[in-house]
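Heads up: the structure comes next, in structure tokens.
Throughout, protein chains are lettered first and strands after them, A, B, ... in sequence-line order, and every chain is numbered starting at 1.
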Protein chains: 2
Amino acid sequence: MTHQTVGHRHTTSPGLPDDPRAAVTVPTPSCPVEITLAALRGRWTTLVIRELLQGGRTFTELRQALPALSDKVLSDRLAQLAEAGVVDRRREPGWPSRTHYGLTPHGRRLGPVLQALWDWGARPS
Amino acid sequence: MTHQTVGHRHTTSPGLPDDPRAAVTVPTPSCPVEITLAALRGRWTTLVIRELLQGGRTFTELRQALPALSDKVLSDRLAQLAEAGVVDRRREPGWPSRTHYGLTPHGRRLGPVLQALWDWGARPS
């Protein structure tokens with residue numbers, strides 16, 4: 001993968017964007033890197049996103065895909081991901097009505113992020 | 001950014017590699033995504049990596065770049081990053097000898113990972 005910032009002018013943080021948040025000197029929740037890590041944080045979170053990258057799922061389907069995940073933790077994770085703008089719930093018409101959980105467009109853009117995380121971890125040091 | 005797996009055949013996890021670790025149904029420390037998140041974990045870790053992406057630094061230089069970071073936490077973070085194969089220490093010849101901390105080739109490949117994390121977090125949901 002070509003480094004996206006090749007050719008950018010030298011800043012205090014070559015390789016990171018020319019943005020004041022790239023020069024913070026203390027951990028800062030509004031730093032984009034921290035925002036993304038916060039969205040991914042927590043046991044099961046990346047697995048739930050992986051399932052939803054395949055398409056919308058009902059709560060029951062998610063539980064079936066990840067059988068060791070409890071209702072309580074799945075609810076918490078879905079709420080966390082909704083809060084982060086990653087997941088939305090869609091009530092389907094019909095009877096009985098079913099609620100589908102799906103990724104927002106922003107959530108789908110986590111695909112390349114998970115891919116980058118995967119690629120680094122899969123490569124021998 | 002073009003999704004790197006566009007064109008891959010459909011697997012249980014489209015968008016993730018055709019690897020059994022992409023199909024785990026419980027959080028697994030050997031999952032490449034977990035390996036990378038573990039390497040990045042902890043307050044200050046990504047800031048230390050950001051500094052080192054600019055080149056080798058002595059302990060003192062790192063402390064000056066991140067003045068609110070204590071010696072103790074910086075030592076811990078450098079040890080964690082060395083353990084993860086991200087950082088190495090190089091003793092420079094001369095007197096007084098100085099130890100430089102730098103990224104390994106594997107560590108430098110975290111540049112695109114931090115970039116992907118940044119890009120997602122910087123984009124409005």
Can you tell which part of [X] gets under 4.5 Å to a heavy atom of chain B, answering side chain, backbone, both or neither?
X	answer
Thr46(A)	side chain
Leu47(A)	side chain
Val24(A)	both
Pro105(A)	neither
Ala65(A)	backbone
Ala39(A)	side chain

Residue Arg91(B) excluded, over 12 heavy atoms near CZ under 6.0 Å: no
Crowding at CD, Glu83(B) (>12 non-hydrogen neighbours, <6.0 Å):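 Not buried by this count: 12 neighbours or fewer within 6.0 Å.
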Does a side-chain heavy-atom distance below 4.5 Å link [X] with [Y]?
X	Y	value
Cys31(A)	Trp118(B)	yes
Thr25(A)	Leu69(B)	no
Leu37(B)	Leu37(A)	yes
Val86(A)	Trp120(B)	yes

Main-chain N/O of Gly121(B) paired to Thr36(A) side chain as donor or acceptor, under 3.5 Å: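 Yes, the answer is positive, given that a donor and an acceptor are paired below the 3.5 Å cut-off.
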Heavy-atom donor-acceptor pair, Arg50(A) side chain to Ala22(B) backbone, under 3.5 Å: yes
Interface residue of largest heavy-atom contact number with chain A, from Arg109(B), Glu34(B), Arg21(B), under 4.5 Å: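 Most pairs with chain A among the choices: Arg109(B).
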Can you name the closest pair of heavy atoms from [X] and [Y] and give their distance?
X	Y	result
Ala122(A)	Pro32(B)	N-CB, 3.5 Å
Val33(B)	Leu114(A)	CG2-O, 3.9 Å
Ala68(A)	Val26(B)	CB-CG1, 3.6 Å

